[in-house]
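The structure appears below as structure tokens.
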2 protein chains.
Amino acid sequence: MSAAPPPGGAGKQVLIHDASLRDGHHAVRHQLGRDQLRAYARAADTAGVPVVEVGHGNGLGASSLQVGQARLDDDEMLSIVREALQNSTMAVFMLPGWGTTADLERAIAHQVDVVRIGTHCTEGDLAERHLGFLREQGVQAQAVLLMSHMASPDRLARECARLVEFGATAVGIMDSSGHYLPADVTERVGAMREAVDVPVMFHAHNNLGMAVANSVAAVEAGADILDACARGFGAGAGNTQLEVLVPVLERMGFPTGIDLYGLLDAADLAERELMPAPPTIDSVSVVSGLAGVFSGFKTRVLDVSRREGVDPRDVFFELGRRQAVAGQEDLIIEVALALKAARGA
Amino acid sequence: MSAAPPPGGAGKQVLIHDASLRDGHHAVRHQLGRDQLRAYARAADTAGVPVVEVGHGNGLGASSLQVGQARLDDDEMLSIVREALQNSTMAVFMLPGWGTTADLERAIAHQVDVVRIGTHCTEGDLAERHLGFLREQGVQAQAVLLMSHMASPDRLARECARLVEFGATAVGIMDSSGHYLPADVTERVGAMREAVDVPVMFHAHNNLGMAVANSVAAVEAGADILDACARGFGAGAGNTQLEVLVPVLERMGFPTGIDLYGLLDAADLAERELMPAPPTIDSVSVVSGLAGVFSGFKTRVLDVSRREGVDPRDVFFELGRRQAVAGQEDLIIEVALALKAARGA
């Protein structure tokens with residue numbers, strides 16, 4: 001197909017970071033196997049996707065009873081994807097606490113190209129040691145702020161500036177609960193763009209049907225790197241749909257260097273081989289997105305709400321008002337009991 | 001839940017037109033039964049959805065071997081939904097040619113509140129007679145232009161002005177092939193808004209993941225009526241997801257008068273009772289959206305491409321270049337043979 005002339009993008013290149021083999025793991029309880037990793041990595045590589053991220057959904061070192069044991073260990077996942085990639089670079093994700101410097105050393109031994117260190121949006125300090133270590137090792141060290149809707153644009157901008165001081169070669173935000181509308185993204189990415197002179201990234205979730213629109217808004221506000229997943233493969237409402245985002249960007253004048261037919265083939269393969277079904281936006285996704293609550297709470301909220309006889313939607317909205325963050329699952333019971341008591345009063 | 005203060009909408013009311021029981025029919029070969037129509041209409045009514053549209057996917061009088069025979073005839077569909085609605089108004093759709101004045105008379109006998117007459121985007125003249133008839137009968141007579149990306153904003157504005165002269169009480173456009181990006185919608189709806197002083201409507205499809213964002217863009221450009229379907233229920237990539245659109249509008253300061261929990265309940269019922277699975281954006285949907293081709297061509301394009309050994313994606317893009325419209329299915333074979341010949345040359 002012939003490309004349309006760039007109407008607005010003026011030819012600015014966007015770097016697509018394919019998180020299918022990491023964030024998608026959340027949708028299949030981290031059970032992707034060897035053939036699946038190999039086949040998808042090859043298809044993405046063939047399409048010219050520049051960066052392929054792989055690993056347990058919660059990153060290096062996270063495989064555990066608490067958040068789910070991956071079918072394959074980190075070493076095996078990295079070695080399979082490394083071998084499958086001819087041109088694409090390989091990326092991994094790590095949350096300090098789950099992963100350690102030893103995990104980074106292991107990833108470096110597998111010739112990882114890009115390491116992302118994630119922290120809660122106001123806790124960038126936790127990434128300092130690992131970012132420093134990665135810079136010493138000469139590995140691209142990106143820093144990403146999770147649940148970023150819980151911090152103001154100014155706070156995110158200051159956090160990003162500090163992450164660059166720590167050695168981050170790129171900084172960005174995740175809309176972990178799929179809460180943003182495009183204007184929210186414009187404001188936040190704009191503030192971050194002003195605050196740093198390294199590439200800025202953005203990672204969306206589709207709870208409010210805005211993943212593609214929010215990603216476009218991020219680029220228009222100055223983002224350089226966008227995350228996306230084949231068919232949106234990811235937990236709950238899923239991530240930005242990769243093979244939709246890329247042609248939309250190209251049409252708007254933001255080239256990606258990715259071959260459209262190759263990308264559609266990779267997405268078809270992903271739908272066929274990796275997932276039981278592509279993600280859709282169910283009612284719980286809408287509510288958790290509106291409430292700004294981590295979608296990983298879903299199962300627990302449904303269980304506790306059924307037991308206590310309260311509406312899970314009320315629980316989500318109250319968790320949002322209380323600014324619950326991942327790890328605060330105990331709050332679910334507290335909220336459900338409070339709602340039950342309030343109803344009885 | 002408490003409503004957030006309106007940031008941009010300044011309290012402008014948006015009229016939501018629920019097309020689930022008409023456009024959704026395309027996804028189930030027009031096979032919705034009595035209990036399904038009744039249950040969904042009641043749930044939408046309970047949620048306070050102001051308008052519920054019902055009928056064969058192609059509208060009044062369209063049930064046929066050529067586009068599919070509906071399980072129920074128009075009379076039965078209208079009588080079931082009429083009885084189920086306490087507060088919502090009832091709407092029907094008609095394409096002149098499929099439907100006739102006799103069909104309109106029958107719908108009026110069922111106390112239909114709103115009739116929409118649809119034509120190809122440049123063929124508004126075809127609606128003149130029926131719009132005039134409806135105005136004489138005192139029925140709200142809306143006019144909608146299909147495949148609207150094939151006409152310029154100016155042309156659409158002129159077409160809408162004529163439709164108002166014919167008696168249309170509201171005018172609008174459908175993005176029948178899901179081709180628009182938000183800026184396209186802003187430009188078109190803005191031009192229409194300038195040209196007429198009746199309500200303007202917009203109807204999206206989600207081929208490029210932009211249905212919600214495009215609908216919001218339409219309202220911001222002056223649209224008053226938005227179409228949407230529960231879980232996006234509709235052909236191919238589906239329509240704007242109703243229960244996502246409504247809270248997004250409310251958050252942006254555009255009230256709809258619809259109860260969120262009731263709406264989520266209706267959407268859950270729709271997913272459970274009306275559809276095999278919610279629509280997702282497959283690769284053919286992406287290509288037909290990019291190419292601007294009617295998604296109803298899908299099965300035929302896939303069949304012909306397989307037979308002639310050509311890539312269906314090439315067929316879609318070439319159909320788009322040739323500006324194929326619904327009814328020109330013969331062009332599919334012509335294009336496939338041309339591509340095959342070009343390859344052999």
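In what follows, every chain begins at residue 1, and chains take the letters A, B, ... in the order their sequences are listed.
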Selection from B:Val286, B:Val248, B:Ile281, B:Asp265 maximising heavy-atom pairs under 4.5 Å formed with chain A: B:Ile281

B:Pro279, part contacting chain A, at a heavy-atom distance under 4.5 Å: backbone

Residue selection (most heavy-atom pairs with chain B, distance under 4.5 Å) from A:Pro247, A:Ala267, A:Gly232: A:Pro247

Heavy-atom closest contact (B:Arg251 atom, A:Leu208 atom, distance): NH1-CD1, 3.3 Å

Side-chain donor or acceptor of B:Gln241 paired with backbone N/O of A:Gly209 under 3.5 Å: no

Region of A:Asn206 in contact with chain B, defined by heavy-atom distances below 4.5 Å: neither

Worked verdict on B:Leu290 versus A:Leu260 for side chain to side chain contact (heavy atoms under 4.5 Å, CB included): CA-CA 11 Å; B:Leu290 289 172; A:Leu260 177 61; 3.9 Å; yes

Point-to-point distance, once rounded to the nearest 0.5 Å, from OG of B:Ser283 to CG of A:Leu263: 8.0 Å

Audit row: A:Met210, B:Val244, side chain to side chain contact (heavy atoms under 4.5 Å, CB included) steps and yes/no: CA-CA 10 Å; A:Met210 288 293 194; B:Val244 175; over 6 Å; no

Qualifying salt bridge (Lys or Arg N to Asp or Glu O under 4.0 Å) pairs, either residue in residues 271-284 of chain A, two or more places apart: A:Arg231-A:Glu271, A:Asp282-A:Lys298

B:Asp311 versus chain A, the contacting section by heavy-atom distance below 4.5 Å: side chain

Greatest number of heavy atom pairs closer than 4.5 Å to chain A - which of B:Val216, B:Thr240, B:Val287, B:Thr280: B:Thr280

Top contributor to chain A contacts, counting heavy-atom pairs under 4.5 Å, from B:Val212, B:Leu181, B:Leu245, B:Asn214: B:Leu181

When B:His179, B:Glu318, B:Glu243 are compared by non-hydrogen pairs under 4.5 Å with chain A, the top option: B:His179

Closest non-hydrogen atom pair, A:Arg313 against B:Leu264: NH1-CB, 3.6 Å

